[in-house]
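Because only heavy atoms are used, hydrogens play no part in the values below, and waters and symmetry mates are left out as well, while side chains stay in. As the structure is a prediction and not an experimental result, all values here were calculated from the model. In what follows, chains carry the letters A, B, and so on, assigned in the order in which the sequence lines appear, proteins first and then strands, with residues in each chain numbered from 1.
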Amino acid sequence: MKIATFNINGVKARIEALSHWLAGANADVVVLQEIKSVDEGFPRAHFEDLGWTVETHGQKGFNGVAILSRLALEDVTRGLPGDDADEQARYIEATVIGQRAVRIAGLYLPNGNPAPGPKYDYKLAWMERLRLRAAELLASEMPVVMLGDYNIIPEPRDAANPANWVEDALFLPESRAAFRRILHQGWTDAIRIRDPHATRGPFTFWDYQGGAWSRDDGIRIDHLLLSPQAADLMIETEVDREARAGEKPSDHVPVWLRLDA
DNA sequence: ATGGTCGTGTTACGA
């Protein structure tokens, strides 16, 4: 089972780039972030005609997440538990039925800038809610893949120029500590453990501004976290870096893994 | 030193 995450930065603007990547990737499940669309505005029929089952959790203008799957989905839930007043569409879960059942959590973690401020407070509160949900997912003892745009640069080696990020919500010590607090529950950072001693990257995001892509001034903020039962099934994991060089690209690239499931 | 690029849905704001 091949499972991917892709922050597409607007599904309507990215139909061609996304369809092109899907045609070559041969993924079974894809979680999308920043669809920037309400559910009724998502080009559902386009992807259904290409053979995908589509589940969306959108809102007007910003944010929004979705799941595309070639395999059957069960028990789809929308929204991160823990705050009924939170109206931002950033979280969706489903169980994918392959050779085995795998629980998938697709997330778009708040950016949090500027920090300090209310947006940063919201980011940290959201991460605490994610920590509580992550603990429940681990307790299920299922293979679980919790993946998406975490808006967290875990370590200096995950940025080409870490000094540029020291006051940014993506890299502040409190943000990184909150991410580690979740990791240390027992999750595996798939891309990192593939190459534990890497000194640079691999990056998953390059800003549109200032020629960041051409200078390879990137950061690693899209992550795949695996429960122990999922980590035991991992075969390979990769960043599809070349997607950033295509026509009208997202500022993020897809990251994926293959499970023996 | 400054401003720089996208997408959405209007011409502001979030990233």
Kindly assign one of parallel, tilted or perpendicular to the pair A:Y150 and A:H223, based on the angle between their ring planes and the thresholds 30° and 60°. tilted
Please determine which of A:E87, A:R90, A:H57 meets the side-chain hydrogen bond (donor to acceptor under 3.5 Å, both in side chains) test together with A:N63. A:R90
Protein-nucleotide distance (A:I35, atom CD1; B:dT8, atom P), rounded to Å: 11 Å
P atoms of B:dT10 and B:dC6, separation to the nearest Å: 22 Å
Please tabulate the protein-to-nucleotide N/O contacts below 3.5 Å involving nucleotides 10-15 of chain B, giving atom names and distances.
unit_1 : atom_1 : unit_2 : atom_2 : d
B:dG14 : OP2    : A:K119 : NZ     : 3.2
B:dG14 : O5'    : A:K119 : NZ     : 3.1

Output the rounded distance in Å from CG (A:D217) to C1' (B:dG4). 13 Å
Please state how far atom CD1 in A:I8 lies from atom C1' in B:dT8, giving the value in whole angstrom units. 13 Å
Look at A:R133 together with A:E93 and state whether they make a salt bridge at an N to O cut-off of under 4.0 Å. yes
Just so I know, are the side chains of A:V65 and A:Q33 near enough to count as touching, which here means a heavy-atom distance under 4.5 Å? yes
Mind checking the C1' distance from B:dT11 to B:dG7? Whole angstroms is fine. 13 Å
Under the 3.5 angstrom rule, does the side chain of A:S175 hit a backbone N or O of A:A169 as a donor-acceptor pair? yes
Considering only the C1' atoms, how many Å lie between B:dG9 and B:dG3, rounded to the nearest integer? 24 Å
Taking the inter-plane angle between the rings of A:F6 and A:W21 on a 0 to 90° scale, is it parallel (under 30°), tilted (30 to 60°) or perpendicular (over 60°)? perpendicular
Sticking with atom P, work out how far B:dA12 lies from B:dG4, rounded to a whole angstrom. 15 Å
Under 4.0 angstrom, heavy atoms only, what part of the nucleic acid is A:G210 near: base, sugar-phosphate, or nothing? nothing
